[in-house]
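Below is one structure, written out as C-alpha cells; the observations come after it.
Keep in mind that the numbers below use all heavy atoms, side chains included, and drop hydrogens, waters and symmetry copies.
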Amino acid sequence: AVKAAGRRLELRAAALWPGRAGLGGFGAGIRAREVSTSWSPVGAAFNVKPQGRRLDLFGERRGLFGVPELSAPEGFRIAQENALRKADLLVERVCSLPPGPQTVLIFDELSDSLCRVADLADFVKIAHPERAFREAAEEACRSIGTMVEKLNTNVELYQSLQKLLADKKLVDSLDPETRRVAELFMFDFEISGIHLDEEKRKRAVDLNVKILDLSNTFLMGTNFPNKIEKHLLPEHIHRNFVVTGSHVIIDGLHAEAPDDLVREAAYKIFLYPNAGQLKCLEELLSNRDLLAKLVGYSTYSHRALQGTIAKNPGKLVHPAFQDKIGFLTTKDFEMIRGMKMKLNPQNSELMPWDPPYYSGVIRAERYNIEPSLYCPFFSLGACMEGLNILFTKLLGITLYAEQPAKGEVWCEDVRKLAVVHESEGLLGYIYCDFFQRADKPHQDCHFTIRGGRLKEDGEYQLPVVVLMLNLPHSSRNSPTLLTPGMMENLFHEMGHAMHSMLGRTRYQHVTGTRCPTDFAEVPSILMEYFANDYRVVTQFARHYQTGQSLPKNMVSRLCESKKVCAAADMQLQVFYATLDQIYHGKHPLRTSTTDILRETQEKFYGLPYVPNTVSLHGKQEYYYHLLRARRQTTSSCFAREPLISLSNNPVS
C-alpha cells in the first residue's frame, strides 16, 4: 500500500514538474534529471527504519550533500581552494568593470562562492560523526573565514561598490531589491573597518580571525560531558547516568528526572566550571570588545545589533515589561515552591534545577497532560505527515522523501526531503538529522547549507538546509514517539526550513534566514501556533496502534497548560538576554564572568546562584547560541559575527 501510494505521489509530482535539479559540485551548474522513483510518502518514510543502501560495489560515491569533492575529508581542501581561486577572479572582475547592477550581481556571486563551502563546513565540523571530516571542515571554515575578513577590508573592492552607491542616477535606476543588497554589502564594509588606515585594517582582520578561532575552540568545549568518580555519588542514582569503569558521565541536566537528587547532581556536575573554557570566554569577550572599539563602536553589543530590529542594546527589555513579568514570575515561583513542598517537604527550598520538573508536575496535575498519554498520538511519521498536510493546504507545497545517494549523508538515519510546489516545481532540499547519536550536539537547530539565488544563466540555485534534532530512535515495538514539546520543536524548526525554501530572492545575500537575527525567529515561532491549534492537530494526531484521533479535550488541555509558569519561562529568556548584553557591554568587565553570572541571575531570574556552576540553563544551550555561526541567521559570509541574544533562542 505504501509503495502504491508512493507511486501515485510520484506520478502527481511528475505531472506537476517534469524535471528536478541535482546538487552537483561546488563549481557545477544545476543539472536537470527525471523525477526520482525514490520519492515516497513522507509520513511512512519517518515511521520505518531507513533501508540499507543497495549493495553497489562499483557505484559512484557522490560525497556529502551530493558534492563530489566531499566523498573524503581531503575534499574540503579541494573545495576551499576552488572557492578561493574563484573569489580572486570575481574580485578582479568587479574591480575592472564600470559601476552598475552587474556590480551587485558579482558581489553576490562572490559571497555565494565562499558561503557554499563555509556554510557546509560550519555544519560538518560539529555534526559529522567522523573526526577526520570534522577537522577538515574546521580548517575550511578558518580558511574561508580569513578570506572573508580580508575582503571586508579590501579598499579596491569597497571602491567598486562605493562608486555605484555614490552615483544618484545609477542608484535610482536600481530596483529596490538590488539597491537594498548593495547597501547591505556596504554596511558590512563599514562595520569591518574599511574607513581605517592600512595598519588598523590589518589589525581588524587579525582580530576577526582570532575571534573566529576562539569561538570555535569555545563552542567545541561546550559539547564535552563532565565526569565524576562514582564513589562520590550515592549508589542508587548511578542508574540515571552512564557509568564507565570507576566514573559516572554526566552529559546533560536531566531536568525531567523526578528524583531531586538526580537533578541536583546533574546540575552541579554538568555545569562545573572548566578553567580553560572560562579563560577562553574572557579572551573572546575581550577581543570582541577590542574589535568593536577599533571600528568605531562603544561596545560589541552596539556593533552586533546594528541592522537588527532592536537597533541598539537600550531597546531589548522595556522597564514596564520587566516589572510586569517580574511580578508574574514571583507568583509562578510561589506555585512551583508549593508543589515542591507538597512532594518533598524535607527539602522545599526552590533551586535552579527545580522549575522544569515541578512546572511539568503542575501542568500534569492541573490538566491531566502526562506526556505518556500524548506520545502514542505523536509518532514522528504522523507529525511529518501533519506538516505535509499543513504546507499543502497553506502553501501548495508537498514534501517527498527521497533516497539519498551513496555517501550523500553523514549518518544512515538521515532522511532527505524534496520540497515541491504545485506550480513552481522543486523549491529545494531539507536533510533531516533527527535522531540521537554519540557526540552529537544536544541542540535543535536549522543550518543553511546553500542559499537560493537567481544565477546568470536564468536558472535558480536551489536552497539546501539541514534540520538537526535529538529524538529517540524507534524501538522494536513502536516508531519514534514525540512528547508534545518535541512535536512543537519539530514545527518550530520546520518553520526555519520553510523560510529558507520560500525566500526565493534574486540574491543569496538575503535569502531565507539570512536576515536580521531577531526577525529570523518570526516564521518559526508562528509555526508553533499551528502545533497548538486543534484544527491542525486533528489532521494528523492519531494513535500509532489503533488509529484513534487525539480527542479535542486533550488538545484543549494541552494548550491551556502552556500558560502555566509561562512568566517564569519568559523571565529566563530575559535573564539570558541581559547577561548577553552585559558580557558584550562596557569593558573591561568590572568583575569575573562568573560573578556577573551570579549577580545577573539573582537580579533577573530570582533563584539563587549555585556556587561553582557556569550557567543556569545549561552550558551547551547557552553558549551554543552565544557563539552560533554567523551565517545561520545573518546575511551571508560577508556579514559580521553577531552577538546572539538568547531572547532569540530557537528552541525556547
Q. Do you know which two heavy atoms are closest between Cys411 and Arg437, and how far apart they sit?
A. CB-NH1, 4.0 Å
Q: Could you pull out the closest heavy-atom pair between Ser500 and His446, with the gap in Å?
A: OG-NE2, 2.9 Å
Q: Check the surroundings of atom CZ in Arg77: do more than 12 heavy atoms from other residues, nucleotides or ligands lie under 6.0 Å from it?
A: no
Q | Option passing side chain to side chain contact (heavy atoms under 4.5 Å, CB included) with Cys280 (candidates Leu219, Asn274, Leu285, Thr217) | A | Thr217
Q) Should we count CD of Glu135 as having more than 12 external heavy atoms under 6.0 Å? A) yes
**Q.** Any donor-acceptor N/O pair, Asn47 side chain to Pro479 backbone, under 3.5 Å
**A.** no
Q) Are the side chain of Tyr267 and the backbone N or O of His254 linked by a donor-acceptor pair below 3.5 Å? A) no
**Q.** Those residues that, when tested against Asp213, pass salt bridge (charged side-chain N to carboxylate O under 4.0 Å, His left out) (two or more places apart)
**A.** Arg142
Q: Could you check whether the rings of Tyr431 and Trp410 sit parallel, tilted or perpendicular, using 30° and 60° as the cut-offs?
A: tilted
Q: Only counting residues at least two apart or in another chain, list the ones meeting side-chain contact (heavy atoms from CB on, under 4.5 Å) with Asn287.
A: Leu207, Lys210, Ile211, Leu214, Glu283, Leu290
Q. What is the minimum heavy-atom distance between Phe491 and Cys383, and which atoms define it?
A. CE1-O, 4.4 Å
Q: Taking Thr511 for its side chain and Gly503 for its backbone only, find out whether a donor-acceptor pair lies under 3.5 Å.
A: yes
Q. Quick one: does NZ or CZ of Arg450 land under 6.0 Å from the six-membered ring centre of Phe65, within 45 degrees of the ring axis?
A. no
Q) Is a donor on one side and an acceptor on the other found under 3.5 Å between the side chain of Gln461 and the backbone of Gly451? A) yes
Q. Is the backbone N or O of Asp433 less than 3.5 Å from a side-chain atom of Lys440, with the two atoms forming a donor-acceptor pair by type?
A. yes
Q. Do the side chain of Asp188 and the main chain of Asn152 share a donor and acceptor less than 3.5 angstrom apart?
A. no
Q. Counting distance only, does the side-chain N/O of Thr480 pair as donor-acceptor with the main-chain N or O of Pro472 below 3.5 Å?
A. yes
**Q.** Atom of Cys141, atom of Ala118 and distance for their closest heavy-atom approach
**A.** SG-O, 4.0 Å
Q: Answer yes or no: is there a donor N or O on one side and an acceptor on the other, between the side chain of Asn388 and the main chain of Leu399, under 3.5 Å?
A: yes
Q | Nearest-0.5 Å distance, CG of residue Leu284 to OH of residue Tyr583 | A | 11.5 Å
Q) Under the criterion side chain to side chain contact (heavy atoms under 4.5 Å, CB included), which of Asp119, Asp112, Leu120 is the partner of Arg116? A) Asp112
Q: Please confirm whether the backbone N or O of His584 pairs with a side-chain atom of Arg288, one donor and one acceptor, at under 3.5 Å?
A: no
Q: For Glu528 and His492, run side chain to side chain donor-acceptor pair (under 3.5 Å): C-alpha distance rounded to whole Å, both residues' side-chain angles, the deciding distance at 0.1 Å, then the answer.
A: CA-CA 6 Å; Glu528 295 178 19; His492 179 109; 2.5 Å; yes
Q. Between the side chain of Ser71 and the main-chain N/O of Arg62, is any donor-acceptor distance below 3.5 Å?
A. no
Q: Please list, chain by chain and in numerical order, all residues satisfying ring-ring contact (aromatic ring centres under 6.0 Å, His included) with Phe434, sequence neighbours excluded.
A: Phe46
Q.
Taking CG in Asp439 as the centre, count heavy atoms belonging to other residues, nucleotides or ligands within less than 6.0 Å. Is the count above 12?
A. no
